[in-house]
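The structure under discussion appears below in the form of structure tokens.
Chain letters run A, B, ... following the sequence lines, proteins first and then strands; every chain starts at 1.
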2 protein chains.
Amino acid sequence: MSDKLKLANQVCFPIYTLSKEVINHYRPLLKELDLTYPQYLVMLVLWEEGEQNVSTLGAKLNLDSGTLTPLLKRLANKNLIERNRKATDERVVSITLTAQGKLKKKAAQSIPSKIASSLNVSTADLAQLKKIIDQIITQINKEK
Amino acid sequence: MSDKLKLANQVCFPIYTLSKEVINHYRPLLKELDLTYPQYLVMLVLWEEGEQNVSTLGAKLNLDSGTLTPLLKRLANKNLIERNRKATDERVVSITLTAQGKLKKKAAQSIPSKIASSLNVSTADLAQLKKIIDQIITQINKEK
DNA sequence: CCTATTTAGATTGTGCACAATTTAATCTTG
DNA sequence: CAAGATTAAATTGTGCACAATCTAAATAGG
């Protein structure tokens, strides 16, 4: 097996492992906010960009309606968001933050720094990791 | 400050995204073998190291019995593995490959090269990615 | 011994991820 | 305008991930 083959083989498992580890580090922090990691991602988009369709959320987070529909129903049950069909196009469901959903942003402010210190990795390493991964993801998206 | 809550500035989201992308690249290849990615990981360990307990498998793949028990039942239903209580310690379940399970290794030989070319990333990038991720995982494991 | 503790794995329950299909609304084109 | 195509979201079904709990077996310590 060539070095490249071996490497590809040996890099996919660490990526999968790291992703789970990172989410496991988020879990206790997000539990205090009564959010899961994917729910937190949805909230991030809404806090930053405001009202979204299910499909724009899906495009930004790489999730389909099969994942988002039940997730958004759970966020709505917690009174963090509202789901409303648009009058101008009844196929589209508009997702907006409730007052409670907007408020939750305050409680989330401390998460990034807590994660950074809990991962216990240097800022330089994280920056480098982000750079390479963003490169690879850009490459992958090009193929679509 | 609140910049940290922006999706674009997060490292964790790209890690999570990349992990899903990589597994999505495996999916069509593994479908031909009638395996999922976690099932493939179990088979890799068995092909490489032979007979395993549920708990040694779990330690190597970072999965608990709640995930492994049903997964191993599915592999057993496909006649790729056998699950047997050990006579010397009835708490322990020994996982061994069936003849069919051993045979499947041949069909899996082509997967790494297909993944390597499908990911379309340079060897240098992969090497650097692996180096940083391994570093971080080592760091994380130290804390346990 | 024999009881208390520990260990291995199974079970239960929640939630995510994704493929495949369905439903309803909108758009397109003849 | 009507029929067919397209689109957005929901639904259905499978499988993974993980917390919490349970069961049975093994071990330890009195």
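Nearest-nucleotide positions on DNA chain C place B/Leu68 closer to the 5' end than the other of A/Thr88 and B/Leu68. Of the residues near DNA chain D, A/Asn24 and A/Val54, the one whose nearest nucleotide (by heavy atom distance) lies more toward the 5' end is A/Val54.
Put simply, the side chain of B/Ser55 and the base of C/dA8 share no donor and acceptor less than 3.5 Å apart.
Residue contacts shown for B/Thr67 include a base, since a base heavy atom lies under 4.0 Å away. Note on B/Ser65: a base of the nucleic acid sits closer than 4.0 angstrom, heavy atoms only. At a threshold of 4.0 angstrom between heavy atoms, the contacts of B/Ile23 with the nucleic acid are absent.
Between B/Tyr16 and C/dA17 there is a side-chain N or O to OP1 or OP2 distance below 4.0 Å. For B/Arg91 and C/dA10, the shortest distance from a side-chain N or O to OP1 or OP2 is not below 4.0 Å. Within the 4.0 Å cut-off from OP1 or OP2 of C/dT11, at least one side-chain nitrogen or oxygen of B/Lys73 is found. Note on B/Arg83: a side-chain N or O is less than 4.0 Å away from OP1 or OP2 of C/dA10.
Between the B/Gln52 side chain and the B/Gly50 main chain, a donor and an acceptor come within less than 3.5 Å of each other.
One can place CD of A/Gln39 at 16 Å from P of D/dC18, the figure rounded to the nearest angstrom. The nearest whole Å value for the distance from the CD atom in B/Glu90 to the C1' atom in D/dA26 is 11 Å.
Ring planes of A/Tyr40 and A/Trp47: perpendicular class, angle over 60° (limits at 30 and 60°).
Other residues, nucleotides and ligands contribute over 12 non-hydrogen atoms within 6.0 Å of the NZ atom of A/Lys60.
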